[in-house]
Number of protein chains: 4
Amino acid sequence: MPATSSPRRRPHSGSRRDEAARLAVLHAADDLLAEHGFGALTIEAIARRAGVAKQTIYRWWPSKVEILLDTLIEDSEKRFPVPVEKPTAESIRGYLHGFARFLSHDPAGKVLLALIAEAQHDPGTAKSFHERYLGPRRAQERDMLAQAIEAGEVSPELAPDATMDALVGPIVYRALTGTSIPPGLIDTLIEVLLTPRSKHP
Amino acid sequence: MPATSSPRRRPHSGSRRDEAARLAVLHAADDLLAEHGFGALTIEAIARRAGVAKQTIYRWWPSKVEILLDTLIEDSEKRFPVPVEKPTAESIRGYLHGFARFLSHDPAGKVLLALIAEAQHDPGTAKSFHERYLGPRRAQERDMLAQAIEAGEVSPELAPDATMDALVGPIVYRALTGTSIPPGLIDTLIEVLLTPRSKHP
Amino acid sequence: MPATSSPRRRPHSGSRRDEAARLAVLHAADDLLAEHGFGALTIEAIARRAGVAKQTIYRWWPSKVEILLDTLIEDSEKRFPVPVEKPTAESIRGYLHGFARFLSHDPAGKVLLALIAEAQHDPGTAKSFHERYLGPRRAQERDMLAQAIEAGEVSPELAPDATMDALVGPIVYRALTGTSIPPGLIDTLIEVLLTPRSKHP
Amino acid sequence: MPATSSPRRRPHSGSRRDEAARLAVLHAADDLLAEHGFGALTIEAIARRAGVAKQTIYRWWPSKVEILLDTLIEDSEKRFPVPVEKPTAESIRGYLHGFARFLSHDPAGKVLLALIAEAQHDPGTAKSFHERYLGPRRAQERDMLAQAIEAGEVSPELAPDATMDALVGPIVYRALTGTSIPPGLIDTLIEVLLTPRSKHP
DNA sequence: TTCTAATCGAGACGGTACGTCACGTCTTACG
DNA sequence: CGTAAGACGTGACGTACCGTCTCGATTAGAA
C-alpha cells in the first residue's frame, strides 16, 4: 500500500532533481551530527528527519560521507575562505584564526572533524575527502603562500606543504583532542614559521 | 595415560580468568585492524578470529575501544617511551622521531589513529582515550619538558601543553591525512619551538 | 542502540531453540493470512505480529512458504487425516467431505489454497509443497485406495492417482474459484468413480 | 532524401492511444511470465522490456492482472473456443482435450494458472478474473451443455455447473500440481458424468 | 495555420519489504 | 565460576518495486 493517503506534502518536481529534497537532506545530516553525534548519522535517520525516501539519498549520494562533504565544502568557503587575492601576513593570520574558530566554535566544524575521523576508518572516505576537500583547499593555500612570499610578506623556513601542516596541524590536533586553542599559539606559530629570522627581535 | 590431550583446541581454565583468551582477543583485534581496517573490527569478528565467545569479550571489556587501548598502551610504552630520565634536547628529538616512525611505519600506529578517529564519533571513547592514554602520556611529556627546561637543555617560547601540541600536532596531522613526514620538519619544529632565539644563527 | 529498554518480555531460552518464538511465528502467519490475506503476509509483518526478530524467522525458515507448510501439515493431520486403517467406502466418503469442509469453511484451509497459488509463482515453493505435503499425502491416499480395493469396498475405473485427482480436483477447483461445493457433488463423484458399474441401479 | 528514418525506435503517435505500445506491453508481459515466471512480472520489468514508460501502463491498465487477462481472453478464444454452435458429445470431448492441451503444453496456459493463483492472493484479482474470464466462459459452457442435453447428445447426472466443475476440476488440478493429464482420464470423466447410465455397458 | 490537448519516454519522488549483518543480552552445558 | 556456543530482540544496511508526479517532445484535430 504505497503513497495512498496524502493530506498534502511537498509536491515533488517531476523528472528533474528536487532541490527541496537536496537541501532537506543536507540540513538533516548537519543537524543530526550536531545534535546527536556521528553515531546517530545513519542514512535511515537522515531520511526520516528530512522527510525523504532512502532511495532519494542513494540516488544522489554514494554514501553519507559525500553528504557531509557537500555541506563542508560550502560552509568552509563561506566561513573561512583562503585569502588568495593579494594575501598579506595579516590576512594569513586572519585565515588561521578563522580556521581555529570554525573548528572550535562553529557546529559545522564538527563536520570536518568527523570526516578526518571517518577517513581513518574507510579508504573510500579518505579518497573522496582528499580529492574534494583537502586537495583543492591545499592548492589554494599553496597559492596564498607563494604570493605572500613573492610580495615579501612572509619568508617561511619550510617548504609550502610542510609549512601549512606545521601551522594547521596543532590547531586540528587541539580540536581532535577536544581542547581549546590557547591564546598566543597561532600567533607564535606564525612568527616562528613565517617570519624571517632576522625579524626576530 | 599422560598426554591424552586436545581434540579441544584450548581447554579453558575453569574459574579464573583465561589468559590465553585475553591474548587471543588482543591479537585478533590488532590483526583485524591491520589487515582489514576499522570497518572489519566488529566484536563478532574478533570473537570469531580469536576462537572466543562473544560473552567472554563483553565480560572483560566494555567496548572494542578498550581492547584497542589495551594494546596501544602496551605498544606505545614499548616502541617510543617518553624520556623522563634526564631528558636532553637530543633525547626529545629522538622521542619525536620515534613517535613519527610509530605513526607512519608501524602497523600498531594505526591503532592510535583509529582511536583518535573513534573519539570524534563517540564521547565514551573520547573519555576513555583521554583518561587512559592521552592524559598519562601528556603528564609524562610535561615532566620531560620541565626537567629539560630546568637543565637548560631547551627553552620553549610557549606553555608546555601548547609546545607539545605544536610539536606533535603536525606529525599527527600528516599521519591522519595519509602523507609522510618530510625530512627536516621535525628538526625545524624543534629548533624554532624549543631553542632560545639567541641560538638561532 | 540495541536491546536497551526492556520492561519485561518473554525471556528467551538461551542457546536452544525457543519454542515460544516458534509457535508465535506459526500463529502470526496463520492469523495474518486469515485476517488480511496473502498480500499482508510479509516476513516483516509476521515478525511484528509475533513479537519476534526477523532474523529469528530467517534462522529457522528458508521462506514464508515453509512457515505455512509447517502449519498446514499439522492442521491437515488434525482436521482430516487420511483413513489408512481399514478404510471403507464410507470412511473414504467421510475423508472427502472432511477435505471439502476444510477447504471451504476452515480458516486453515486458506493456507492450502495459498500454497497451491504460490507454487504457480515460484518453483521453489512448488518443490517444497510437493515434497512436504502433496507427495506424502498422496502416498497415504494411494494406500487407502489399495486397501479399500483389496477389501472389495471400492472398485475404481481409473488408476489410483487419476482416481484421486478426479475426486479431489473438483473440490479444489470449487474452492479456488470461491464457490461452495454443491450438495451431492462429492457423493456423485464417489458413486461414478469408485463404485463398480454393476452396482449402478 | 526519403528513408531518413529512425534512430528513434518507435516515434509515438500523438494524442491518440499508441497501438504499438499496447501490443508491446502485452507481449512483454507474456514473455516475462513464460521466461522468468510470475515473480519477474513487475510493472517496472514490463515497462523496461516493452520500451514503454511506467505511466503508459498505469494509464491503460489498473494492474498487471488486467494485462494478463487481456492476453488470456484473446488466447483462449483462439486456442479452444467453447463449441456453442450445435455441440455434440464429440465436440465437447474435443473442447476438454483442447483445454487440457492449452493448460499443459501451451505457454499461454501459464497465464491462466497464474491468474487462478493470483486470485487466491488478491480479492481484486479474483473479482476481475471472474467477471472478465470465468463468468463469461462458464456462461458459454452452460449454453453448450444445455444445447447438447436438448439434442440428446449428453445426459449428465449433475447440475450444469457441478458437471462442468467435475470435468474441468481434475484437469486444472493436474496442471496446478505440475503433473500431466493421464490418457483416458478425460474420456472416462466424460463417460461417467455425461453419459446416461443405461449406456454404460 | 496556429493553437490546444492528449500521449509518449523518462525518471524523480515518498514509501514498504526484502534478506543480511552486527549489536549487546541471555541461557545452556561443559570443565 | 569462566568458558564456547549460539539464540534472541533490535535496528541499519543497500536494493527492488510500488504507484504518483512532473517534465519536454511529439502529434493530432479544432479554431
Side-chain angles (χ1 to χ4, degrees), chain A residues 1-6 9-18 20-21 40 42-45 47 50-60 62-64, chain B residues 8-18 20-21 42-45 47 50-60 62-64, chain C residues 1-6 9-18 20-21 42-45 47 50-60 62-64, chain D residues 8-18 20-21 42-45 47-48 50-60 62-64:
Chain A
M1 206 178 354
T4 330
S5 62
S6 353
R9 356 183 135 262
R10 161 157 38 73
H12 51 251
S13 59
S15 84
R16 288 290 165 264
R17 177 166 189 182
D18 185 344
T42 67
I43 298 283
E44 304 236 327
V52 139
K54 266 200 299 178
Q55 189 55 52
T56 297
I57 298 181
Y58 284 111
R59 189 164 14 243
W60 299 109
S63 74
K64 64 188 172 192
Chain B
R8 313 266 309 121
R9 280 83 47 94
R10 165 162 45 75
H12 52 251
S13 56
S15 78
R16 283 291 165 267
R17 177 167 188 183
D18 184 344
T42 66
I43 297 283
E44 306 235 330
V52 141
K54 273 199 299 176
Q55 189 54 45
T56 300
I57 299 182
Y58 284 111
R59 201 186 337 267
W60 301 109
S63 77
K64 66 187 172 192
Chain C
M1 205 178 355
T4 330
S5 62
S6 356
R9 354 184 136 261
R10 162 160 37 72
H12 50 251
S13 58
S15 85
R16 286 292 166 265
R17 179 166 188 182
D18 184 345
T42 66
I43 298 282
E44 304 235 328
V52 138
K54 267 201 298 178
Q55 189 54 51
T56 297
I57 298 183
Y58 285 110
R59 189 166 11 243
W60 299 109
S63 75
K64 65 187 170 193
Chain D
R8 313 264 311 119
R9 281 83 48 94
R10 165 162 45 74
H12 53 251
S13 57
S15 75
R16 284 289 165 268
R17 178 167 187 182
D18 184 343
T42 67
I43 297 282
E44 306 236 329
R48 215 147 44 216
V52 140
K54 271 200 300 176
Q55 188 55 45
T56 300
I57 298 182
Y58 284 112
R59 195 175 356 253
W60 301 109
S63 76
K64 66 187 172 192

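Values reported hereafter were calculated over all heavy atoms of this structure, with side chains retained and with hydrogens, waters and symmetry mates removed. So you know, we letter chains A, B, ... as the sequences are listed, proteins then strands, and number each from 1.
- If you take CZ of C/R17 and P of E/dA29, they are 17 Å apart, rounded to a whole angstrom.
- With the nearest nucleotide of DNA chain E identified for both A/T56 and D/A53, D/A53 has the one nearer the 5' end.
- Computed from coordinates, the C/W60 CH2 to E/dG19 C1' distance equals 18 Å when rounded to whole Å.
- Nearest heavy atoms, D/I57 versus D/V52: CG1-CG1, 3.9 Å.
- Nearest heavy atoms, C/A47 versus C/A53: CB-C, 4.3 Å.
- The separation between B/D18 atom CG and E/dG31 atom C1' is 12 Å, rounded to whole Å.
- Screening D/E44, D/R48, D/R59 for a side chain to side chain contact (heavy atoms under 4.5 Å, CB included) involving D/K54 leaves a single residue, D/E44.
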B/S/- along nucleotides 12-17 of chain F (protein heavy atoms under 4.0 Å) is SBBBBS

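- Atom CZ of A/R16 is separated from atom P of F/dG24 by 7 Å (rounded to the nearest Å).
- Separating the CZ atom of C/R59 from the C1' atom of E/dC21 is a distance of 12 Å, rounded to the nearest angstrom.
- Summary for the helix from E/dT1-F/dA31 to E/dG31-F/dC1: the axes at its two ends, each from 5 pairs, differ by 10° when rounded to the nearest 10 degrees.
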